[in-house]
Peer 1: 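One structure is given below, represented as structure tokens, and several questions about it will come after.
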Amino acid sequence: MTDPLLDSLNPRQHQAVTAGDGQILVLAGPGSGKTRVLTRRLAYLIERKNIPAYDIIAVTFTNKAAREMENRVVNMVQRSLEGIWLGTFHAMCARLLRREANYLPYKSNFVIFDADDQEALVKRAIRDLKIDEKTHRPAGVHAAISAAKNDLLLPADMPIRTYRDEVVARVYTRYQELLQTNNAVDFDDLLLLAARLLQEHPGVAEKYARRFQHVLVDEFQDTNLAQYELLKQLSSYHRNIFVVGDEDQSIYRWRGADYRNMQRFEKDFPQCEKILLEQNYRSTQNVLDAARQVIDRNRNRTPKHLFTEKGAGSKLIQFTAVDEVAEASFVVDTIQQYLASRRAVASDFAVMYRTNAQSRIIEEAFIHARIPYRLIGAQRFYGRREVKDMIAFLRLVENPADEVSLLRVIAVPPRGIGEKTISGLQAAAFRAGISAGEVLLDLGRKGPDSAYWAEIGRSAALLADFGSLLDQWQSLRDQISLISLFDRIIADVGYEPYINDMSEEGNDRWENVQELRRLAYDFQEKGLTEFLQNLALVSDQDTIPANGIEEPQDRSQGAVTLLTLHAAKGLEFNQVFIIGLDEGLLPHSRSRDDPEEMAEERRLFYVGMTRAKNQLYLLRAERRSSFGSWDYSEPSRFLQDISDDLMLVQGKRSVSRRDSRLDDMRWVTTGVSSTPRTVYKTTAALPESKYKPGMRVRSASFGEGLILESKIDSDGEETVDVHFESVGFKRLLASLANLEILS
């Protein structure tokens, strides 16, 4: 008899899904069916073990992953998961804190400040304490506060070793005071407050630990200390915890993630069952073998021998370009050849890089070649001015004490309220010991009869007008739908004519407001609080569609995906280009003197490599432009880890003048694992090529093309490699080709 829940699983997946009670550690290699195992485990507990969904908590790192998990499980068990706690760590913590708000210095309707709000509040704290912003930059101070919270440290707990530590602790204290004044928390507070709540109130901890018979965790390698402590508390009664992760894919150390939680788990639960998922369903064996050769250099990990039934596949292609322009040209030329021959569509390709700055030249190359592309990591939808304005209006209705939102929109659109008026409002609130929002509401309700009217002076009328609007919105929030409230705010403040001047940019801004309205429509029944919480907790990954690209109805209309290696986690593509494999770029120069940072750089490269399903290209450039000069680089040490039998090496170097004292210098590569060596010639200096990589040229025979590389031999004969739009790649003798330089 077939079992749809278990039949499609391989032996290791079956072992994980059907594991008994207790502590289960599943180490899932890339492409090994991690999501399948986690969803089947959840369905198995509900369908086969008869565990009520109400008694299960399953935590993920993105809303997208949570939605996908819920949809899959509902389809498998054919019933709703009513009562289950399923969502991101931050969403689950927000839910817990709202329920237990009486233990907190916050009201249950607290708002969640996003990254911009947090930094604005840190700036204010620094100003309040009269600390020099140039010496102690807000972004750096905020990062230190965030790191402390991830380690469960309050201001009083922070170790003070240097003057900077003292400054951070003082700003941290003031920052928390300002958050409480605004009845607001930041992302890190959600974890910190929840973990400390369970630590400091055993009765609360026992209530939730008794309730949750089973705790399931996705992406366990990305947890920080606060999240690890939460999981231990929630699983402390039934001691049934099922975690899935891969320490080799832990790439968010800078965000507090600690892959060592995998080791802590084994130490804290010595009887845990450890299951390795090693069968890969994504990549060819050549890609997997190369990736394993790279990651095996890292210590403090569980070795995994990834295998696939897809076969060996093509060798990896390693290309060395003369400079970053030729590097970009190779990417574009390769993709163009596939598209022209209809062997692939644009959405089959991804170009990955270590830093966002590397995307500029790649973008220019795609624009010039008229190849559609999609840039991941550009300004997020939720970071756009008009979207943040509307969210601020709604947050103010939800919580008038939210001074960050108040300051953002009190003069949007302009209504004669300037800095002096705002200072008067804040001063009146400070003297009264209440929030500026409460003063504003009092002015709006009572007008000239308000106790603050005379105190504020001539500008009180302007403030009262806005206060009256806010009072009306608050009274309507429970009487009308969320969409009606949204529309009412837009109409009352005249936001559409303010944001849309009928230009193309104006229309785009208004379309963004309408898109936010469409998102609000999905929360008609859940209400304003749920809508705002969903917006606050949405992550960058949630804005990336499956496989990194929206799947168009006509696949020929797809686009190449450009993204950083950090953004590539969880995605896959038929063909992947990783550019910038130079020392100082990948691995990044910041990791040079820190073994832990270097190990993370290696994991980052491993993640990028294992996104490729069929073909992987590894690119580097001998030199990169730097403010009018050239910086020469060495090949990434990671390339030397990959054996020659797995790679096809392409790209020949051209003549480079690196030292005027030498007649000539060439770079010669004898193999991918060899280091470049210099060859000095005693002949006279060779003439310089007039054809440069990236130049557009025209041939009488082949039409327009792009120079990929030029080379002058010892006899002074020049050959050029050109990609022509009509016939593809050609190698020509420059003296006979008569190429016309177009640009």
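Model, not experiment: these values are computed from the prediction.
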Peer 1: Examine the side chains of N298 and Y606 and answer whether a donor and an acceptor come within less than 3.5 Å of each other.
Peer 2: no
Peer 1: Quick one: are K315 and L646 in side-chain contact, heavy atoms under 4.5 Å?
Peer 2: no
Peer 1: Does atom CZ of R592 have more than 12 heavy-atom neighbours from other groups under 6.0 Å away?
Peer 2: no
Peer 1: Measure the shortest side-chain to side-chain distance between R602 and D641 over non-hydrogen atoms and say whether it is less than 4.5 angstrom.
Peer 2: yes
Peer 1: Are E273 and L25 packed together at the side-chain level, in the sense that at least one heavy-atom pair is separated by less than 4.5 angstrom?
Peer 2: no
Peer 1: Could you go step by step and tell me if Y175 and D186 meet the side chain to side chain donor-acceptor pair (under 3.5 Å) rule?
Peer 2: CA-CA 10 Å; Y175 174 65; D186 63 20; 2.8 Å; yes
Peer 1: Among T60, V243, L45, exactly one meets side chain to side chain contact (heavy atoms under 4.5 Å, CB included) together with L216. Which residue is that?
Peer 2: L45
Peer 1: Heavy atoms only: give me the nearest G608-V576 pair and the separation to one decimal.
Peer 2: O-CG1, 4.2 Å
Peer 1: For Y617 and Q575: C-alpha separation, side-chain torsions, deciding distance, then whether side chain to side chain donor-acceptor pair (under 3.5 Å) applies.
Peer 2: CA-CA 8 Å; Y617 301 86; Q575 302 201 40; 3.0 Å; yes
Peer 1: Between E597 and R590, is there a side-chain N and carboxylate O pair less than 4.0 Å apart?
Peer 2: no
Peer 1: Salt bridge between E572 and R611, side-chain N to carboxylate O under 4.0 Å?
Peer 2: no
Peer 1: For L152 and A195, work out which heavy atoms get closest and say how close.
Peer 2: CD2-CB, 3.6 Å
Peer 1: So how far is it from T564 OG1 to Y353 OH, rounded to the nearest 0.5 Å?
Peer 2: 6.5 Å
Peer 1: Using distance alone, with no hydrogens and no angle criterion, decide if T223 and N261 have a side-chain donor and acceptor under 3.5 Å apart.
Peer 2: yes
Peer 1: Are R98 and Q533 linked by a side-chain donor-acceptor pair shorter than 3.5 Å?
Peer 2: yes
Peer 1: How far apart are the closest heavy atoms of L231 and S235, and which atoms are they?
Peer 2: O-OG, 2.8 Å
Peer 1: Find the distance between CD (Q271) and CD (E266) and round it off to the nearest 0.5 Å.
Peer 2: 12.0 Å
Peer 1: Kindly check if the number of other-residue, nucleotide or ligand heavy atoms within 6.0 Å of CZ (R99) is above 12?
Peer 2: yes
Peer 1: Is the shortest heavy-atom distance from the side chain of S32 to the side chain of N280 under 4.5 Å?
Peer 2: no
Peer 1: Is D593 atom CG crowded by more than 12 heavy atoms from other residues, nucleotides or ligands, each under 6.0 Å away?
Peer 2: no
Peer 1: Do Y208 and E100 have side chains that approach each other closer than 4.5 Å (heavy atoms only, starting at C-beta)?
Peer 2: yes
Peer 1: Calculate, to the nearest 0.5 Å, the distance between atoms CG and CG belonging to L96 and L234 respectively.
Peer 2: 7.5 Å
Peer 1: Kindly indicate, with the supporting measurements, whether the criterion salt bridge (Lys or Arg N to Asp or Glu O under 4.0 Å) is fulfilled by R196 and E229.
Peer 2: CA-CA 9 Å; R196 293 188 73 102; E229 181 61 30; over 6 Å; no
Peer 1: Start with the C-alpha distance between T284 and K613, add both sets of side-chain angles, then the distance that settles side chain to side chain donor-acceptor pair (under 3.5 Å), and finish with yes or no.
Peer 2: CA-CA 6 Å; T284 62; K613 296 167 70 174; over 6 Å; no
Peer 1: Between Q293 and S643, do the side chains contain a donor N or O and an acceptor N or O under 3.5 Å apart?
Peer 2: yes
Peer 1: Any side-chain heavy atom of F110 sitting closer than 4.5 Å to one from L97?
Peer 2: yes
Peer 1: Do other residues, nucleotides or ligands put more than 12 heavy atoms under 6.0 Å from the OH atom of Y54?
Peer 2: no
Peer 1: Ignoring hydrogens, what is the shortest heavy-atom contact between A28 and V244? Give both atom names and the distance.
Peer 2: CB-CG1, 4.0 Å
Peer 1: Would you say that L586 contacts D582 through its side chain, given a criterion of any heavy-atom pair below 4.5 Å between the two side chains?
Peer 2: no
Peer 1: Please tell me whether F89 and F61 form a close aromatic pair, meaning their ring centres lie under 6.0 Å apart.
Peer 2: yes
Peer 1: Are there more than 12 heavy atoms of other residues, nucleotides or ligands under 6.0 Å from atom CZ of F269?
Peer 2: yes
Peer 1: Under a 4.0 Å N-O cut-off, is there an ion pair linking R72 with E68?
Peer 2: yes
Peer 1: Any chance you could measure M647, atom CE, to N286, atom CG, to the nearest 0.5 Å?
Peer 2: 11.5 Å
Peer 1: Test K149 against Q176 for side chain to side chain donor-acceptor pair (under 3.5 Å), laying out the working first.
Peer 2: CA-CA 11 Å; K149 290 185 177 184; Q176 292 303 111; 2.7 Å; yes
Peer 1: Give me the one residue out of Q221, Q263, R253, R264 that meets side chain to side chain donor-acceptor pair (under 3.5 Å) with D258.
Peer 2: R264
Peer 1: What distance do R282 atom CZ and N574 atom CG have between them, rounded to the nearest 0.5 Å?
Peer 2: 11.5 Å
Peer 1: For Q118 and H142, does a side-chain donor sit closer than 3.5 Å to a side-chain acceptor?
Peer 2: yes
Peer 1: Using 0.5 Å steps for rounding, measure from the CZ atom of R297 to the CE atom of M598.
Peer 2: 12.0 Å
Peer 1: V217 and L38: which non-hydrogen atoms are nearest, and at how many Å?
Peer 2: O-CD1, 4.1 Å
Peer 1: May I ask you to say whether R210 pairs ionically with D55, meaning some side-chain N is under 4.0 Å from a carboxylate O?
Peer 2: no
Peer 1: If only side-chain N and O atoms count, and only distance matters, is there a donor-acceptor pair under 3.5 Å linking R260 with S250?
Peer 2: no
Peer 1: Could you tell me how the ring of F605 sits relative to the ring of F638: parallel (under 30°), tilted (30 to 60°) or perpendicular (over 60°)?
Peer 2: parallel
Peer 1: So F242 and H214, ring-ring contact (aromatic ring centres under 6.0 Å, His included) or not? Walk me through it.
Peer 2: CA-CA 8 Å; F242 183 96; H214 287 267; 9.3 Å; no
Peer 1: Go through it in stages, so that I can follow the logic: the residues are F220 and F265, the test is ring-ring contact (aromatic ring centres under 6.0 Å, His included), and I'd like the CA-CA distance, side-chain angles, deciding distance and then a yes or no.
Peer 2: CA-CA 10 Å; F220 185 61; F265 188 90; 5.7 Å; yes
Peer 1: Before we go on, tell me: are the rings of F212 and H238 under 6.0 Å apart, centre to centre?
Peer 2: no
Peer 1: Do you know which two heavy atoms are closest between Q285 and T308, and how far apart they sit?
Peer 2: OE1-N, 3.1 Å
Peer 1: Taking the side chain as every heavy atom from C-beta outward, state whether R41 and I46 have any pair of such atoms under 4.5 Å apart.
Peer 2: no
Peer 1: Which one of R603, K304, M262, K34 satisfies the side chain to side chain contact (heavy atoms under 4.5 Å, CB included) criterion with D246?
Peer 2: K304
Peer 1: Report the C-alpha separation of D21 and R239 in whole Å, then their side-chain angles, then the decisive distance to 0.1 Å, and conclude whether the salt bridge (Lys or Arg N to Asp or Glu O under 4.0 Å) test is met.
Peer 2: CA-CA 8 Å; D21 290 349; R239 296 181 66 80; over 6 Å; no
Peer 1: State, without any angle test, whether S146 and D188 hold a side-chain donor-acceptor pair at a distance under 3.5 Å.
Peer 2: yes
Peer 1: Report yes or no: do S633 and R620 form a side-chain donor-acceptor pair below 3.5 Å?
Peer 2: yes
